[in-house]
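Notes follow the structure.
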Amino acid sequence: MTDEKRMAFQGKQPTDMAADLIIPDMIPDDESLWIPQAPDVWFRPLCLNVSQGYYVNLLRVRKSGVLSRHKHAGPVHAHVLRGSWHYLEHNWNATTGAYVYEPPGEVHTLVVPQDVDEMITLFHVTGALIYVDPWGKETGHEDVFTKIELCRDYFKNTPQGADYVKQFIR
Ligand SMILES: [Fe+2]
């Protein structure tokens with residue numbers, strides 16, 4: 001008698017379903033998989049979703065001080081994997097293990113404290129992250145498309161090649 005509880009789904013998956021995505025070494029030892037974004041700041045793409053306009057990436061910072069002041073057009077979900085950080089606009093600290101929700105519309109200024117050697121946080125960013133000056137004037141932006149371009153520009157000069165980024169795009 002077959003134990004149905006142990007059976008894999010026997011039906012057909014949706015024809016137009018996107019491929020799943022599994023990244024076993026989310027925090028890789030291979031330094032070449034970290035994309036430099038600024039001095040002592042890197043990101044690692046995980047899921048670059050062009051049809052829903054979001055990206056999931058790791059941000060790794062190995063310096064202290066102010067990282068960026070920015071506004072969010074959409075929501076952000078963050079999970080701190082190493083180190084800690086905070087925003088000048090809030091009195092809480094995001095420490096290792098913390099989950100943070102950032103609401104659409106909020107402007108905040110990211111700071112890594114002096115006693116943190118390395119910070120790694122998984123950020124799920126929907127829409128755009130808009131860089132602003134202290135008075136809100138826009139100075140630049142980042143979204144899933146600028147992330148993909150940064151990946152292509154970086155990987156084209158590595159053994160992985162520009163198309164390496166394609167595996168992260170959904
Ligand atoms: Fe933010």
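Remember, it's 1-based here, ligands and their atoms both numbered in the order they're listed. What you see is a predicted model; the values in this text were computed from it and never measured. Numbers for residues simply follow the sequence, beginning at 1.
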(message) I'd like to verify the contacts: list protein N, O or S atoms under a distance of 2.8 Å from the Fe ion (ligand 1).
(response) His70 NE2, His72 NE2, Glu102 OE1, His108 NE2

Donor-acceptor pairs under 3.5 angstrom involving side-chain atoms of residues 119-132: please list them, not counting sequence neighbours.
unit_1 : atom_1 : unit_2 : atom_2 : d
Thr121 : OG1    : Trp85  : NE1    : 2.8
Tyr131 : OH     : Glu142 : OE2    : 3.0

Contacts under 3.5 angstrom, residues 10-28 side chains, donor-acceptor by atom type, not counting sequence neighbours:
unit_1 : atom_1 : unit_2 : atom_2 : d
Gln10  : NE2    : Ala8   : O      : 2.7
Lys12  : NZ     : Thr15  : OG1    : 2.8

(message) Using a 6.0 Å cut-off, check whether atom CG of Asp117 has over 12 heavy atoms from anything other than its own residue.
(response) no

(request) Mind jotting down which residue pairs meet the ring-ring contact (aromatic ring centres under 6.0 Å, His included) criterion with at least one end in residues 3-42? Sequence neighbours excluded, please. (result)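 Sorted result for residues 3-42: empty, none.
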
(request) Scan side-chain atoms only and decide if His108 and His90 contain a donor-acceptor pair under the 3.5 Å cut-off. (result)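 His90 and His108 do not have a side-chain donor-acceptor pair below 3.5 Å.
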
(message) Under the side-chain hydrogen bond (donor to acceptor under 3.5 Å, both in side chains) test against Asn57, which residue among Lys147, Arg44, Gln37 passes?
(response)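 Result for side-chain hydrogen bond (donor to acceptor under 3.5 Å, both in side chains) with Asn57: Lys147.
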
